[in-house]
Amino acid sequence: MIHVEVRHPRLARRNEHPADVRDRLLGRVIHRVGRRGKFLLVDVEGDLTWVIHLGMSGRIELAYPGQLEKPHTHVVVGTDRGQEMRMVDPRTFGFMAVYTPEELARSTIADLGPDALHDLPPTSVWAQRLAGRKVAIKTLLLDQRLVAGLGNIYADEVLHRAGIRPHRRAGSLTREEVNRLRTAVRLVLRAGLRWGGTSLGDLAYLLPDGRAGGYLDRLRAYGREGLPCRRDGAPIERTVIGGRSSFWCPQCQQ
DNA sequence: ACCTCCCTGGCC
DNA sequence: GGCCAGGGAGGT
C-alpha cells in the first residue's frame, strides 16, 4: 500500500485534475512495474496505470522517512514497508500521472512505439516505416512513436555506429543501412547498460548506489566536437538538427 | 517538418 | 548576462 505527497503540482500536470495522482494512488497496492522506452509504467490496483517520466533532470531515490531530503524533492511516495520513494527533479520536466484505461488510451502513451531493447522491430518493419519519409533520420530516432527509448546521446551514438549521417532523409536509407541502423540500436543500448549509462559532467544521472555510469568515456560521437573520431581520427562535427545538438564524423558517416 | 516553450542550474 | 543541457508537447 502506498500514499503519495505531490509537493510541486507541476509534476502532476498530465492529469486533468492534478490531485488525482494523490487521490487515486492512496492506499492502493502495486501489482507490477514495467517500462516502455523512457516511460515507467506501473500497474496499480483498480485497473489504474501510474506513468512516471524523469524528463531531463529527474531521478528517483529510495530513503527512509526522516532522512535528509535533497533539494528539489517534489514527490514523496510512502509505503507500508517503511522505505519511501522520492522523486527529485530540478527542472520539473518530469511528471507522474495516474490514468484509467480510457485516459491511457487517449494519452500519448498509447502512441509509444515498441521498446528499443526488448521489442526491437525487424529490419523489414523499420524499412516500411522509414520509406518515403523526408525527415532527418536523427529526428525520427528521437520520435518515440517509431521506437521508444532513444534519447539525444544514444541517437548520435547509434548513427555513428551505423555509419549514417544524422541529417540523412529517413527515406533515403538503403536496406543495408536500415539493417545496420537496427543492429546499432541493440549494440549501443546494451553497451550503455553494461557500462552503467552516461553520467555527464553535472552528475545529474547516477546509478542507484551513487556511482557514475561509465559510458561517457566510451562515447564515440556525442559531446566530442573537435575530438578525433574513434574509428578514423577525423574531427567530430557538431550541428543542430531539430533543435538538438548532433555530433557526427564527416568521414565515416555517410 | 520545423519552431517554441516549459524550468533550474552550471559554465563562460 | 547569455548560452547550454539526457525530453516532450503544442502550435503553425
Side-chain angles (χ1 to χ4, degrees), chain A residues 7-16 18 35-41 51-60 70-75 87-97 99 103 106-113 115-117 129-159 166-172 185 188-189 191-193 195-207 212-226 238-247:
Chain A
R7 299 191 187 150
H8 197 320
R10 182 171 147 77
L11 268 76
R13 66 191 178 279
R14 293 257 200 133
N15 264 108
E16 191 179 353
R35 178 193 64 79
R36 169 118 66 119
K38 300 175 234 183
F39 291 76
L40 201 58
L41 302 172
V51 181
I52 303 173
H53 195 294
L54 298 176
M56 294 269 262
S57 58
R59 56 187 198 273
I60 285 173
K70 302 274 172 53
H72 308 290
T73 299
H74 297 322
V75 183
M87 183 159 169
V88 180
D89 185 6
R91 292 179 73 181
T92 68
F93 287 179
F95 66 90
M96 286 185 180
Y99 290 135
E103 290 169 341
R106 275 188 278 115
S107 79
T108 57
I109 315 297
D111 297 326
L112 268 186
D115 183 77
L117 265 177
R129 305 227 27 199
L130 266 50
R133 302 288 302 270
K134 293 181 177 174
V135 64
I137 186 61
K138 163 80 182 275
T139 303
L140 210 49
L141 287 180
L142 292 176
D143 186 338
Q144 306 295 301
R145 294 172 297 186
L146 176 72
V147 154
L150 291 174
N152 202 34
I153 296 176
Y154 292 108
D156 279 2
E157 294 303 303
V158 163
L159 288 165
H167 343 60
R168 285 277 299 281
R169 291 179 180 225
S172 77
V185 170
V188 167
L189 287 183
L193 270 177
W195 292 101
T198 311
S199 297
L200 298 179
D202 62 1
L203 300 182
Y205 159 75
L206 293 172
L207 288 158
Y215 200 59
L216 175 68
D217 297 329
R218 279 137 192 113
L219 294 178
R220 301 185 182 197
Y222 184 85
R224 293 180 51 80
E225 183 180 15
R238 174 186 181 273
T239 46
V240 175
I241 298 173
R244 316 297 301 276
S245 279
S246 303
F247 301 88

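By convention in this document, chain letters (A, B, ...) are assigned in the order of the sequence lines, proteins followed by strands, and residues within each chain are numbered from 1.
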Original post:
Aromatic rings A:His53 and A:Phe95: how do their planes relate, parallel, tilted or perpendicular, breaks at 30° and 60°?
Top reply: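 Because their plane-to-plane angle is under 30°, the rings of A:His53 and A:Phe95 count as parallel.
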
**OP:** Could you measure between the two P atoms, the one in B:dC7 and the one in C:dG11, and give it in whole Å?
**Re:**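 Between the two P atoms, the distance is 16 Å.
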
Original post:
Can you tell me how far P in B:dA1 sits from the matching atom in C:dG6, rounded to whole Å?
Top reply: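 Going atom to atom, P in each nucleotide, I get 23 Å.
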
Subject >> Reading 5' to 3' through nucleotides 5-12 of chain C, protein heavy-atom contacts under 4.0 Å coded B for base, S for sugar-phosphate only, - for none >> reply: BBBSS---

**OP:** Could you check if the base of C:dG8 is syn or anti? Syn means the glycosidic torsion is within 90 degrees of 0.
**Re:**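 Base orientation relative to the sugar is anti.
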
Subject >> Residue pair A:Phe93 / A:Arg13: nearest heavy atoms and the distance that separates them >> reply: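 Closest heavy-atom pair between A:Phe93 and A:Arg13: O-NH2, 3.0 Å.
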
Subject >> Closest non-hydrogen atom pair between A:Leu203 and A:Leu206, with its separation >> reply: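 It is O-CG, 3.6 Å.
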
Original post:
Applying a 3.5 Å limit to both distances, which nucleotide forms a Watson-Crick or G-U wobble pair with B:dC7?
Top reply: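 Partner of B:dC7: none.
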
**OP:** Using Watson-Crick or G-U wobble geometry with both distances below 3.5 Å, tell me the partner of C:dG11, or none.
**Re:**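 C:dG11 is paired, partner B:dC2.
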
**OP:** Examine distances only and state if a side-chain atom of A:Arg238 and a backbone atom of A:Gly223 form a donor-acceptor pair shorter than 3.5 Å.
**Re:**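 No: the side chain of A:Arg238 does not pair with the backbone of A:Gly223.
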
**OP:** Give a yes or no answer on whether the side chain of A:Glu157 reaches the backbone of A:Tyr222 with a donor-acceptor pair at less than 3.5 Å.
**Re:**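 Yes.
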
Original post:
Counting heavy atoms not belonging to A:Arg145, are there more than 12 under 6.0 Å from its CZ?
Top reply: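 No, because the 6.0 Å sphere around CZ of A:Arg145 holds 12 heavy atoms or fewer from other groups.
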
Original post:
Should A:His8 be listed as having a side-chain N or O under 4.0 Å from OP1 or OP2 of B:dC7?
Top reply: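 For A:His8, the contact criterion (side-chain N or O under 4.0 Å from OP1 or OP2 of B:dC7) is not met.
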
Original post:
Rounded to the Å, how far apart are A:Arg133 CZ and B:dC2 P?
Top reply: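 One finds 11 Å between P of B:dC2 and CZ of A:Arg133, rounded.
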
